[in-house]
Every structure is written in structure tokens, then in C-alpha cells.
Amino acid sequence: MKTFQTLIDETLQAKDLDELESAADLFQFGIEKGYYNQRQSNEFNTTYWKIKNKYLAYEIANEIKYSKLDILTIVINAPMNIKDNKSELFSYVNGRIKALRGKISGIK
């Protein structure tokens with residue numbers, strides 16, 4: 001079993017969502033076997049969602065021409081139950097962007 005720090009370092013260097021999910025599976029196996037504690041679990045979850053949100057935002061930004069930073073903020077704040085369904089997440093982000101555009105144009 002990998003040391004916790006090695007697993008975190010490899011998770012931070014994941015090149016795509018598949019590698020990220022592989023790291024999550026490996027971590028889940030380590031949890032089930034009792035190799036990691038609660039503090040490490042919290043740290044891994046924070047790292048996992050940081051990277052996953054970034055990749056999801058970049059995928060959506062390739063389809064929607066809008067600020068990547070704004071899309072990242074929307075993805076981070078999206079409900080957890082839609083983050084695993086890309087079509088729902090895409091619809092959510094698209095709706096939030098349309099709402100933002102409406103608010104911005106209403107100010108002028």
C-alpha cells in the first residue's frame with residue numbers, strides 16, 4: 001500500500017478524471033483495510049474535490065465560451081448530487097451563466 005503522502009502527490013498530478021477516479025478507488029481500498037485515519041480521509045477528500053472540480057470546469061469551459069474562473073466557481077458551488085452527471089452539471093452551469101448574463105445586462 002502506498003504511503004498517504006505519495007497517494008496525495010499522485011492525486012494532485014492526475015492527468016484526467018480517469019486517473020483521479022483510480023486514485024479514489026485506491027484510497028477507498030486503503031480505508032477499508034484500515035491503512036488511513038479520519039484526518040487523512042478528510043485531507044484526501046479535500047484534494048480529490050479540488051482536482052475533480054477543476055477538471056469538470058475545464059471540460060465544461062471547452063463547450064461553453066465563458067470565463068474559466070467563473071465556470072470553476074459555479075462548479076465548486078454546484079450541488080454534490082449533480083457533479084457525477086455531466087449532462088446535469090452542464091445544464092446547471094449553463095443556467096447559472098444565463099442568469100449571470102441577465103443580471104449583468106440588467107445593470108446597464
Side-chain angles (χ1 to χ4, degrees):
M1 180 54 43
K2 295 182 180 198
T3 65
F4 179 72
Q5 193 56 49
T6 302
L7 183 61
I8 289 291
D9 291 341
E10 288 178 4
T11 302
L12 288 169
Q13 296 172 3
K15 292 180 179 29
D16 57 20
L17 285 172
D18 291 333
E19 282 188 22
L20 184 63
E21 293 302 325
S22 295
D25 290 342
L26 185 60
F27 183 75
Q28 182 63 34
F29 176 77
I31 287 289
E32 290 171 1
K33 295 294 184 181
Y35 295 127
Y36 306 118
N37 60 34
Q38 183 65 39
R39 182 193 57 79
Q40 291 169 324
S41 177
N42 292 338
E43 185 177 340
F44 182 83
N45 284 334
T46 301
T47 303
Y48 171 84
W49 282 107
K50 175 182 169 187
I51 301 301
K52 185 166 184 171
N53 286 332
K54 181 178 83 170
Y55 282 126
L56 289 172
Y58 286 157
E59 281 184 19
I60 292 172
N62 287 334
E63 296 180 34
I64 300 175
K65 300 304 175 202
Y66 201 70
S67 165
K68 288 183 181 180
L69 187 56
D70 289 340
I71 291 174
L72 179 60
T73 302
I74 294 168
V75 169
I76 287 171
N77 293 311
M80 291 298 235
N81 60 342
I82 68 168
K83 287 186 180 181
D84 286 331
N85 186 333
K86 288 182 185 176
S87 63
E88 274 188 54
L89 183 60
F90 181 80
S91 295
Y92 176 82
V93 170
N94 204 21
R96 299 299 301 156
I97 288 173
K98 286 179 182 178
L100 286 173
R101 286 181 179 155
K103 287 180 182 177
I104 292 171
S105 65
I107 292 174
K108 291 181 181 178

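Counting begins at 1 with the first residue of the sequence.
Judged as a side chain to side chain contact (heavy atoms under 4.5 Å, CB included), and not counting sequence neighbours, Ser91 has no contacts. With sequence neighbours excluded, the residues satisfying salt bridge (Lys or Arg N to Asp or Glu O under 4.0 Å) with Lys86 are Glu59. Scanning for side chain to side chain donor-acceptor pair (under 3.5 Å) contacts around Asn62 gives an empty result, with sequence neighbours left out. Here Lys33 pairs with Phe29, Tyr35 under the side chain to side chain contact (heavy atoms under 4.5 Å, CB included) rule; sequence neighbours left out. Every residue two or more places apart in sequence or in another chain that forms a side chain to side chain contact (heavy atoms under 4.5 Å, CB included) with Asn45 is listed here: Ser41. With sequence neighbours excluded, the residues that form a side chain to side chain contact (heavy atoms under 4.5 Å, CB included) with Asp16 are Asp18, Glu19.
To the nearest 0.5 Å, the span separating CG on Leu56 from CD1 on Ile71 amounts to 12.0 Å. Note that CD1 of Ile74 and CD1 of Ile60 are 9.0 Å apart. Values are rounded to the nearest 0.5 Å. One finds the CG atom of Asn94 at 12.0 Å from the OG atom of Ser87 (value rounded to the nearest 0.5 Å).
Applying the salt bridge (charged side-chain N to carboxylate O under 4.0 Å, His left out) definition to pairs two or more places apart or across chains, those involving residues 40-58 are Glu21-Lys52, Arg39-Glu43, Lys52-Asp84. Listed by first and then second residue, the ring pair (Phe, Tyr, Trp, His ring centres under 6.0 Å) pairs involving residues 71-99 amount to none (not counting sequence neighbours). Screening residues 42-65 for ring pair (Phe, Tyr, Trp, His ring centres under 6.0 Å), with sequence neighbours left out, gives Phe27-Phe44. Within the structure, the salt bridge (charged side-chain N to carboxylate O under 4.0 Å, His left out) test picks out no pair touching residues 62-82 (sequence neighbours left out).
Leu89 and Ile82 get closest at one heavy-atom pair: CB-O, 3.6 Å.
No continuous path of ILVMFWY side-chain contacts below 4.5 Å connects Ile51 to Leu69, so the two sit in separate hydrophobic clusters.
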Report, one line per pair, each donor and acceptor closer than 3.5 Å where one atom sits in a side chain of residues 7-15; sequence neighbours left out.
from	atom 1	to	atom 2	distance (Å)
Asp9	OD1	Gln5	NE2	3.1
Glu10	OE1	Lys2	NZ	2.4
Glu10	OE2	Lys2	NZ	3.1
Thr11	OG1	Leu7	O	2.7

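The other residues sharing a hydrophobic cluster with Leu72 are Ile76, where clustering joins ILVMFWY side chains under 4.5 Å apart.
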